[in-house]
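Below is one structure, written out as structure tokens, with a few remarks after it.
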Amino acid sequence: MTDLVLSLDVTERASALRIARACAEDVDAIKVGYPLVLGAGLGIARDLADLGIPLIADFKVADIPNTNTLICDQVFAAGFSAVIAQAFPGPDSVVACVESAHTHGGECYVVAEMSHPGALTFFSEGVPEAICRLVVETGADGIIAPATRPARIRALRDLIGERKILSPGVGAQGGDPAEVAPLVDGMIVGRAIYGAADPAAAARVYAPYRR
Ligand code: O7E
């Protein structure tokens with residue numbers, strides 16, 4: 001039904017590699033963000049990519065177009081196959097990420113609405129819908145939408161056509177995989193897997209929802 005994306009938010013290289021190796025058969029991609037890269041260095045991306053699992057760079061890129069290009073080019077040179085960008089800097093900034101991604105044969109996802117309670121302060125009143133329109137206009141590959149609000153995933157799905165939805169918030173944030181899996185292209189799960197005593201067994205809990 002959906003891909004399982006492991007959000008590998010540990011900060012030590014050895015832990016990251018141990019968990020990734022243990023879960024390699026049971027996840028479809030690994031999302032790496034600031035916690036791991038700041039803790040272990042960007043070289044962790046190459047180590048993880050060598051396991052043969054697609055890597056998503058969660059740097060929520062949000063700068064002027066030139067800087068976005070510089071960031072994304074480094075991301076793809078490091079071994080990632082997708083990058084996540086913020087929409088609020090505007091269409092030219094998103095286009096810079098999309099062009100870098102596509103030049104490198106990768107993908108670019110844009111945050112449409114976040115999963116935590118406070119997200120509704122700014123991701124409200126038509127903003128996620130406007131971001132979805134921007135995603136279509138810029139040729140981005142998909143959006144990030146909240147597993148904590150399945151009704152919002154359904155609403156945003158209608159606006160993005162065939163583009164993909166990756167959805168964080170299953171597990172520790174309370175999102176229900178049975179409800180979310182049929183709605184999205186990838187469920188992003190972090191603490192419920194990497195924080196478990198047996199991460200591989202925790203990842204296999206989601207096996208019934210994987211395509
Ligand atoms: O709650 P967890 O432990 O399952 O981790 C969820 C991960 O998804 C974590 O890295 C967090 O930073 C990220 N995330 C959200 O939880 N909510 C969002 O709205 C957006 C993200 C995110 O990763 O954005 C880009 C995909």
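In listed order, ligands and their atoms are each counted from 1. As a basis for the values below, the full set of heavy atoms in this structure was taken, side chains included, without hydrogen atoms, waters or symmetry mates.
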**Message:** Surrounding OH of Tyr34 (heavy atoms of other residues, nucleotides or ligands, distance under 6.0 Å), is the total greater than 12?
**Reply:**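 Buried by this count: over 12 neighbours within 6.0 Å.
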
**Under 4.0 Å from ligand 1, counting heavy atoms only: the protein residues, by chain and number** =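 Correct list: Ser7, Asp9, Lys31, Asp58, Lys60, Ile84, Met114, Ser115, Ile144, Pro168, Val170, Gln173, Ile188, Val189, Gly190, Arg191.
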
**Asked** Quick one: CZ on Arg152 to CD on Glu113, what's the gap to the nearest 0.5 Å?
**Response**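 Spacing of CZ (Arg152) from CD (Glu113) equals 4.5 Å.
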
**Asked** Atom OG in Ser100, atom CG in Asn68: separation rounded to 0.5 Å?
**Response**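 If I round to the nearest 0.5 Å, the distance is 9.5 Å.
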
**Request:** Verify the distance criterion only: is there a donor paired with an acceptor across the side chains of Thr148 and Gln173 at less than 3.5 Å?
**Result:**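 Short answer, no.
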
**Message:** For the backbone of Ala140 and the side chain of Arg163, can you confirm whether one donor and one acceptor N or O come within less than 3.5 Å of each other?
**Reply:**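 Pair found, side chain donor or acceptor close to backbone of Ala140.
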
**Request:** Any pair with a residue in residues 183-211 that passes ring pair (Phe, Tyr, Trp, His ring centres under 6.0 Å), sequence neighbours left out, goes on the list, sorted by first then second residue, please.
**Result:**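 As it turns out, there is no ring pair (Phe, Tyr, Trp, His ring centres under 6.0 Å) pair with a partner in residues 183-211 once direct neighbours are skipped.
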
